[in-house]
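The structure appears right after this line, and notes come after that.
Every chain is numbered from 1, with letters handed out A, B, ... down the list of sequences.
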Amino acid sequence: MKIATWNVNSIKARLDNVLEWLRDAAPDVVLLQEIKTVDDGFPRLDLEALGYRCAVHGQKSYNGVAILSRVGLEDAQARLAGDDSDEHARYLEATVAGNIRVATIYLPNGNPVATEKFPYKLNWMKRLKARAAELLATGGPVVLGGDYNVIPTNDDVHNPAAWAGDALFQPETRAAFREILWLGYTDAFRAVDPSPHRYTFWDYQGGAWQRDHGIRIDHLLLSPVAADRLVTAGIDTGPRGKPKASDHTPVWCELRDPA
DNA sequence: ATGCCTTGCGGAGCAAGA
């Protein structure tokens, strides 16, 4: 069972890239972020033609998340509890393969730090932590994947000093991410690859991709019973090097079938 | 250097991203 997460930066602009990658990588479940379309604009038919069912939580112009699955897709539920005034489409859960609860997460960027955007980010992380705790309490396999907009450690950024003032790298941001991990979640990529400077995002500007000036901000967090099934995980840098690429590239993990 | 790209929206030049 291969589960991947990918911030595609517009599903419409990226459709050919996404279809090509689905054929090449053959993931069973894909957690998408930044689809940048309302539900009706989602290219459902093209994805269904490859065997995927789709759950979509869209929004006009910005944000938007979706789940693709070719191993069943049930009980989709959008939005995080805790702030009824939050209209951003950033969170969607569903059950795949019968009993794996997955969530696609587009965590707020939070920049600039001196504006209301940063406390919105931190509050969103509190809401996510609360939901993550609820899901742990079910005792079942859970995979929380997405664009967390969090650089966890100095090993996850090319030049830590350059990011010191950024919302993705603030001590409060990193602490809030650790709080979620310490509930009992495992960072799937880090569990299998401790090497530093493995990135999932490279800015479009300044030749960041060509220079490998990236950051690791897309993560797959596994509950204990999901982590017990972890076979391997990786970052697929292929899509970032293609024409018309998203600025993010897919992260994936492989879970063995239950005993 | 809040620019350097890229996208959506709408039909020019912002807003937002990270």
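Looking only at atom types and distance, the side chain of A:Asn9 has a donor-acceptor partner in the side chain of A:Lys36 under 3.5 Å away. With 3.5 Å as the limit, one finds a donor-acceptor pair spanning the side chains of A:His88 and A:Arg90. A donor-acceptor contact closer than 3.5 angstrom links the side chains of A:Asp86 and A:Tyr120.
In this structure, A:His219 NE2 and A:Asn149 CG are separated by 9.0 Å, a value rounded to the nearest 0.5 Å. Note that CG of A:Asp147 and CG of A:Leu32 are 12.0 Å apart. Values are rounded to the nearest 0.5 Å. A distance of 7.5 Å separates CE in A:Met125 from CZ in A:Phe177, rounded to the nearest 0.5 Å.
Using a 4.0 Å heavy-atom distance criterion, A:Tyr106 is classed as a sugar-phosphate-only contact. Using a 4.0 Å heavy-atom criterion, one finds that A:Lys117 contacts the sugar-phosphate atoms exclusively. At the heavy-atom level, A:Arg90 lies under 4.0 Å from the strands shown only through sugar-phosphate atoms. At the heavy-atom level, A:Asn63 lies nowhere under 4.0 Å from the strands shown. Using a 4.0 Å heavy-atom cutoff across all strands shown, A:His88 reaches no nucleic acid atom at all. Residue contacts shown for A:Asp218 are absent, as no nucleic acid heavy atom lies under 4.0 Å away. Within the nucleic acid shown, A:Asn149 comes within 4.0 Å of sugar-phosphate atoms alone, with no base atom in reach, counting heavy atoms only.
Place A:Lys60 and A:Pro112 on DNA chain B by their nearest nucleotides, and A:Pro112 ends up nearer the 5' end. The residue among A:Asp203 and A:Ala245 whose nearest nucleotide of DNA chain B is located toward the 5' end is A:Ala245.
B:dG10 and B:dA15: their C1' atoms are spaced 13 Å apart (whole Å). B:dA1 and B:dG13 have their P atoms separated by 27 Å, with the value rounded to a whole Å. Distance check on atom P: B:dA12 versus B:dT2 gives 29 Å, rounded to whole Å.
In this structure the side chain of A:His158 never reaches within 4.5 angstrom of the side chain of A:Arg211, judged on heavy atoms.
Boundaries of the chain A contact region on DNA chain B are B:dC4 to B:dA18, first to last in 5' to 3' order (nucleotide atom under 4.0 Å from a heavy atom).
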